[in-house]
Structure formats: C-alpha cells, structure tokens
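Keep in mind it's a predicted model, so treat the numbers as computed, not measured.
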Amino acid sequence: AGVKDDTFNVLDLAEYTKNRPWWRKIFAPNSESSAEKYNVATQLVIGGVTGWCTGFIFQKVGKLAATAVGGGFFLLQVANHTGYIKVDWNLIQRDMNKAKQQLKFHSSGNQMPPEVKSRVDKVIIFLKKNVILTGGFAGGFLLGMAS
C-alpha cells in the first residue's frame with residue numbers, strides 16, 4: 001500500500017553541451033580554462049580569427065575617427081581665422097588649471113576603486129587561464145591592424 005516510486009530523470013551532459021553555443025563554453029562565468037576544453041590548434045584559430053576581425057574593424061573605425069577629429073579641428077581653425085568664432089583664451093587657461101588641480105587631487109591617492117580592481121582581477125584571471133586563446137587573439141589583432 002505504501003509503495004514509493006524512486007524514478008529519476010537522467011541528464012546527459014554530453015548532449016547538453018553539444019546544444020550550447022561555443023562562446024558560452026569558452027566565456028561562461030563559471031567555465032574552466034579553454035585549455036581543458038579545446039586543443040591548442042582550435043584555441044589558436046578561435047583567438048586568431050576573432051583577433052583579426054577585431055583589429056581590422058578597430059583600424060577602420062580608428063581611421064574614420066581620426067579623420068573626423070582632424071577635420072573638426074581644421075574647420076574650427078578656419079572659423080577662428082576668418083572671424084566666425086572668437087576664442088576666450090583666459091577662460092580656457094582657467095579651465096585647464098582647474099582640470100590640472102582635479103587630476104593632482106585624484107592621482108594623489110593612487111588607489112583604484114574597488115569595482116575597477118575586482119574587474120581587473122577577473123580579466124587577469126581569465127587571461128592566465130586562457131593563455132593560448134589570448135595569444136592567438138593578440139596575434140590576430142596585430143595582423144588585423146596591419147591589413
């Protein structure tokens with residue numbers, strides 16, 4: 001009369017991980033290092049390809065940003081020279097002195113905020129765990145910047 005049904009559901013972890021995207025396997029917050037998951041060639045390819053794409057995009061966006069900033073300075077100089085705008089150099093000097101004082105005040109403590117320090121520590125731990133992937137990314141990034 002008091003029969004207890006002891007049935008359990010079995011979770012097949014191999015099937016579960018096959019269905020997860022590769023980036024979750026690598027970058028999951030509780031994941032172990034990629035060295036434990038992938039061979040060296042796979043890590044270098046993943047790191048190199050993502051690094052090259054990042055470097056290539058960074059190069060293109062950097063050129064566009066440099067052109068925009070340079071063009072803006074050029075237009076401001078032309079406008080100043082032709083008399084469309086007047087620069088109050090005394091105000092600029094006063095603001096620069098205030099900024100220098102604030103920088104001296106903030107840099108005198110020489111301490112990072114705890115939030116920044118914890119993030120930096122997490123990044124360093126990730127980089128140490130995934131040295132090959134990081135090296136592939138760095139090499140790919142440099143190649144992407146050069147192309």
Side-chain angles (χ1 to χ4, degrees), residues 8-147:
F8 297 99
N9 291 333
V10 177
L11 175 64
D12 186 4
L13 291 178
E15 284 298 317
Y16 174 73
T17 56
K18 284 180 186 175
N19 296 332
R20 292 182 69 198
W22 65 269
W23 60 85
R24 284 198 185 148
K25 293 177 188 176
I26 293 175
F27 300 113
N30 58 355
S31 68
E32 64 273 3
S33 71
S34 62
E36 297 173 5
K37 296 178 185 176
Y38 299 103
N39 63 20
V40 174
T42 304
Q43 292 178 62
L44 282 175
V45 168
I46 290 172
V49 169
T50 55
W52 183 86
C53 292
T54 304
F56 186 76
I57 291 170
F58 191 81
Q59 175 202 26
K60 297 298 180 187
V61 170
K63 283 182 181 178
L64 180 66
T67 302
V69 170
F73 281 136
F74 177 72
L75 289 175
L76 284 174
Q77 287 297 329
V78 169
N80 183 30
H81 184 68
T82 56
Y84 284 105
I85 60 173
K86 296 274 186 196
V87 178
D88 186 0
W89 291 107
N90 292 328
L91 180 63
I92 290 175
Q93 186 66 35
R94 194 171 54 232
D95 288 346
M96 291 300 291
N97 288 335
K98 280 184 190 176
K100 285 180 189 176
Q101 291 300 321
Q102 287 179 350
L103 283 175
K104 285 180 185 175
F105 175 73
H106 288 301
S107 65
S108 64
N110 219 4
Q111 291 283 338
M112 269 196 283
E115 304 86 28
V116 173
K117 186 164 176 39
S118 69
R119 293 284 181 182
V120 168
D121 290 341
K122 286 179 183 178
V123 168
I124 289 172
I125 289 169
F126 176 80
L127 294 177
K128 284 180 180 178
K129 280 184 172 182
N130 301 293
V131 173
I132 297 171
L133 184 73
T134 305
F137 181 85
F141 182 80
L142 293 175
L143 287 173
M145 289 289 290
S147 61

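Partners of Thr42 according to the side-chain hydrogen bond (donor to acceptor under 3.5 Å, both in side chains) rule, which considers only residues two or more places apart in sequence or in another chain, are Asn39.
A distance of 10.5 Å separates CD of Gln77 from CG of Leu75, quoted to the nearest 0.5 Å. The distance from the CG atom of Asp88 to the CZ atom of Arg94 is 7.0 Å, given to the nearest 0.5 Å. Rounded to the nearest 0.5 Å, atoms CD (Gln93) and CE (Met96) are 7.5 Å apart.
Remark: side-chain polar atoms of Asn130 are paired, donor with acceptor, to backbone N or O of Phe126 under 3.5 angstrom.
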Can you give me every donor-acceptor pair (side chain of residues 139-147, partner residue at least two apart or in another chain, under 3.5 Å) with its distance?
| residue | atom | partner | partner atom | Å |
| --- | --- | --- | --- | --- |
| Ser147 | OG | Trp52 | NE1 | 3.3 |
| Ser147 | OG | Leu143 | O | 3.4 |
| Ser147 | OG | Gly144 | O | 3.2 |

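Here the shortest heavy-atom pairing between Leu133 and Ile46 reads CD1-CG2, 3.8 Å. Across all non-hydrogen atoms, the minimal contact from Ile85 to Leu76 is CD1-O, 3.8 Å.
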Would Asp121 and Lys117 satisfy side chain to side chain contact (heavy atoms under 4.5 Å, CB included), going step by step from the backbone distance to the final call?
CA-CA 6 Å; Asp121 290 341; Lys117 186 164 176 39; 3.9 Å; yes
